[in-house]
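Data first, discussion second: the structure below is written as structure tokens.
Residue numbers begin at 1 in each chain, while the letters A, B, ... track the order of the sequences.
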2 protein chains.
Amino acid sequence: MGPEKNKVRKQRRVAETPAALTLADVARAADVSEITVSRILRNVGPISETTRRRVLDAVDQTGYVRNQIAGTLASATSNLIGVVIPSLSNIVFADVLRGIDAGLEPSGFRPVVGITDYKADAEEKLVTSLLAWKPAAIIIVGFDHTDITRRRLKQSRIRVVELMDIDSEPIDLAVGMSHRAAGLATGRHLIGRGYRRFGYVGHDWTTDRRARLRWDGLVQALEEAGLELVDQRLHGGPSSTQAGREALATLLQGAKHPDVVVFSNDDMAVGGVFHCIAEGIVLKRDLALFGFNGLDVGQALPKPLSTVRSNRFRIGKIAVEQILLRPERNGTPETINTGFEIVPGETA
Amino acid sequence: MGPEKNKVRKQRRVAETPAALTLADVARAADVSEITVSRILRNVGPISETTRRRVLDAVDQTGYVRNQIAGTLASATSNLIGVVIPSLSNIVFADVLRGIDAGLEPSGFRPVVGITDYKADAEEKLVTSLLAWKPAAIIIVGFDHTDITRRRLKQSRIRVVELMDIDSEPIDLAVGMSHRAAGLATGRHLIGRGYRRFGYVGHDWTTDRRARLRWDGLVQALEEAGLELVDQRLHGGPSSTQAGREALATLLQGAKHPDVVVFSNDDMAVGGVFHCIAEGIVLKRDLALFGFNGLDVGQALPKPLSTVRSNRFRIGKIAVEQILLRPERNGTPETINTGFEIVPGETA
DNA sequence: TTCGTGCATGACAGCGCTGTCATTATATGT
DNA sequence: ACATATAATGACAGCGCTGTCATGCACGAA
């Protein structure tokens, strides 16, 4: 007969529809205790092959689906990862999210995402609401948090990974590249290729601190060579192909005649390329263009865009791998540099 | 003195670090019962203004963060939404996810996402693992599910929204557009503009059923006019700008000389535009190109791409709004058509 | 005064699972 | 044969919250 459960369910709160399946139902069906089913589903403890099979059959037949909510509460260890990104309009963050998902894939962890739209107060609310799900870790883009956000993250005692950027001190772990160094490398590379009259076309710095850091690096490289930007245009909104196109057009209307224009990123630079094509400006001969990110679209252009490859996918993946490797926070903040590469291309 | 709690914590399982804050801690600090704090944080029931303020102060001072896991378990109503998409490499799905997030924004719900990589078995595992979080609803792209996936979703009794496509019978709710109709409209539009020699450049149909549906519609339009495709090329992998560029190149090497080429989507079409620019083929005069999706990059091209606008963002947003509007599944499957618009552009 | 009536608050049990500590059967060494 | 280790299973309480029902109290009508 087996161990008959006499722990009868104490009358349901509501007279529900078919009453969701629980571990107890499976246990009854397989004639074992709940805990045995639980252990089998989690692959812990010693279980005989016969009961394992019997229980798994029962699971299949009943169509039982684990309740991670209850499991997480009982074990105080969650399989959720909070992910905070500024936007999804920019493929860059979609790439990061891809990397995160790819890294998570074999682990059974799931990302819970939130989008801040580049707003610090939205980020603050988001972080709070994500922490309420007791995630195993929080992955967040950048270092630009409000004090409250930073305090909450610090106090949470879970792992916190700040992505993309490594030019500041992280709360726990930073994974990314130095944007200042990328700007510097860009400048030196282009100076080495003989360019002297540098123009710059960018987008809103207040929301994209990393673009600003690259600009800093670029300007520093120019200074090293006794040069300075001959002209620049800053588009007030987020980066886009259209904005890049228009901004280059106005830049070229000026009297400064740059021989190379560095863009805040590839989206903007591709717009610049389109402008040149439309105006019959021959790239590299008449004007050189340089981007940042190494997006596919830039590499598929008639002439592949000269740019810097930022390894977004890898950044997301490594962030996750680090979390899985060391699920506990470890006192001292750490930084992982995923580097970047100059992509010579044919536009500069 | 207030109601002293004598329900002393029954010795913690482990001698933990600072012991996470609970409702009880806040309750003690504010000298009220746990349930009162709970009610205040959830904005339910009548609460006097004085206690509300006192409790909220206590929350601030202690830095208490709600435990949604426990709350969800106790109330059996979750604030999570499962989201299943095939890919994030394609901006199209990022747009959908943006729409979902935007629709969720005011509600406190959070999306838990999973990426299938266009694999049905990955989708099956994902759906199971998402259901384990007892989400309020599942949003999933397309109708191509395994039988098991479909059964699980049906049995879950939560709301299930299938996105993008409305050319099949949904499990619960479908939000999207008819891709067959879009193909048909494309064909009729181009025939109306005088084109007769149609070429087609596409990508892998086995993973993208919607592209196939558009092709069907296009061919049907041609049949109506007594025409047929003069030539086509199918790239074996996922759509990409590079693939579109290469596929158009080989198509044009053939002897069929189309006067218009319809692409499976904008990514592919943009590649086609790049090929034409590189080869000095004047768009529309020498060859017309037509895409699908209405991506920004296509509209920023030297000549804006002729295409069809699919309202991805809106699809995601409406899906969420429907869920919030009617959180309970309602027997009969339903379909919401978000439509599409021909974007004339300058390439066809 | 007495009795509703509505507001504000609290006690209590239980959501479905898992950590911990038994308990029982089976194998091993001497 | 006996003690001892090991494998397999189970009982029980509790994770932190919320639904339900009860209670205390002020206030106006009768």
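Contact annotation: B/T36 does not reach the phosphate of C/dT9 (side-chain N/O to OP1 or OP2, under 4.0 Å). Taking side-chain N and O atoms only, A/S33 has a distance below 4.0 Å to OP1 or OP2 of D/dG10. A close approach under 4.0 Å does not occur between any side-chain nitrogen or oxygen of B/S75 and OP1 or OP2 of D/dT18.
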TODO: Run the numbers on B/V59 and B/I40 for side-chain contact (heavy atoms from CB on, under 4.5 Å), then give the verdict.
DONE: CA-CA 11 Å; B/V59 168; B/I40 289 170; over 6 Å; no

Open item on the list: With side-chain contact (heavy atoms from CB on, under 4.5 Å) as the criterion, how do B/N43 and B/R52 come out once you've worked through the C-alpha distance, each side chain's angles and the decisive distance to 0.1 Å?
Closed with: CA-CA 10 Å; B/N43 280 307; B/R52 158 171 281 115; 3.6 Å; yes

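A/I35 places its CD1 atom 13 Å from the C1' atom of D/dG14, with the value rounded to the nearest Å. Straight-line distance from the CD1 atom of B/I40 to the P atom of C/dG10: 9 Å, rounded to whole Å. Between B/D25 atom CG and D/dC15 atom P there is a gap of 12 Å when expressed in whole angstrom units. A straight line from CG of A/L23 to P of D/dA11 spans 14 Å, rounded to a whole angstrom. Here D/dC15 presents its C1' atom at 9 Å from CG of B/N67, a figure rounded to the nearest Å. Look at CG on A/D31: it is 18 Å from P on D/dA8, rounded to the nearest Å. The interatomic distance linking B/R28 (CZ) with D/dC17 (P) rounds to 12 Å, in whole Å. Distance, B/E34 CD to D/dC17 P: 7 Å, rounded to whole Å.
By the 6.0 Å contact criterion, CD on B/E49 is enclosed, its count of non-hydrogen atoms from other residues, nucleotides or ligands being greater than 12.
Across C/dT18, C/dC17, D/dG16, the shortest atom-to-atom separation from the side chain of A/S38 is found for C/dT18. Taking the side chain of A/R39 as heavy atoms from C-beta on, and the options C/dG16, C/dA11, C/dT20, the nearest nucleotide is C/dT20. When each of D/dC17, D/dG10, D/dC15 is scored by its nearest atom to the side-chain atoms of A/L73, the top-ranked nucleotide is D/dC15. Among D/dC17, C/dA11, C/dT18, the nucleotide with an atom closest to any side-chain atom of B/A74 is D/dC17. Of the candidates C/dG19, C/dG16, C/dG10, C/dG19 carries the atom nearest the A/R42 side chain, counting heavy atoms from C-beta on.
The side chain to side chain donor-acceptor pair (under 3.5 Å) contacts involving residues 57-70 of chain A comprise nothing, where partners must be two or more places apart or lie in separate chains. Residue pairs meeting the side chain to side chain donor-acceptor pair (under 3.5 Å) criterion with at least one partner in residues 136-149 of chain A, sequence neighbours excluded, are A/E123-A/H145, A/E124-A/T146, A/H145-A/E162, A/T146-A/T149.
A side-chain N or O of A/S38 and one of A/R42 form a donor-acceptor pair less than 3.5 Å apart.
The heavy-atom pair separating A/I158 from A/A136 by the smallest distance is CB-O, 3.7 Å. A/L131 and A/S156 get closest at one heavy-atom pair: CD2-CB, 3.8 Å.
Using a 4.0 Å cut-off between charged nitrogen and carboxylate oxygen, A/R98 and A/D101 do not count as a salt-bridge pair.
Between A/V26 and A/L41 the shortest side-chain heavy-atom distance does not fall below 4.5 Å. Put simply, the side chain of A/V83 reaches to within 4.5 Å of the side chain of A/I100, judged on heavy atoms.
In this view, B/R151 satisfies the salt bridge (Lys or Arg N to Asp or Glu O under 4.0 Å) rule with no residue, not counting sequence neighbours.
At a non-hydrogen distance threshold of 4.0 Å, B/P46, B/I47, B/S48, B/T51 from residues 44-54 of chain B come into contact with DNA chain C. The stretch residues 55-66 of chain B touches DNA chain D through B/Y64, B/R66, each having a heavy atom within less than 4.0 Å of the strand.
Annotation: the terminal axes of the helix from C/dT1-D/dA30 to C/dT30-D/dA1 meet at 40°, where each axis is the rotation carrying the C1' atoms of four end pairs onto the next four (5 pairs per end, rounded to 10°).
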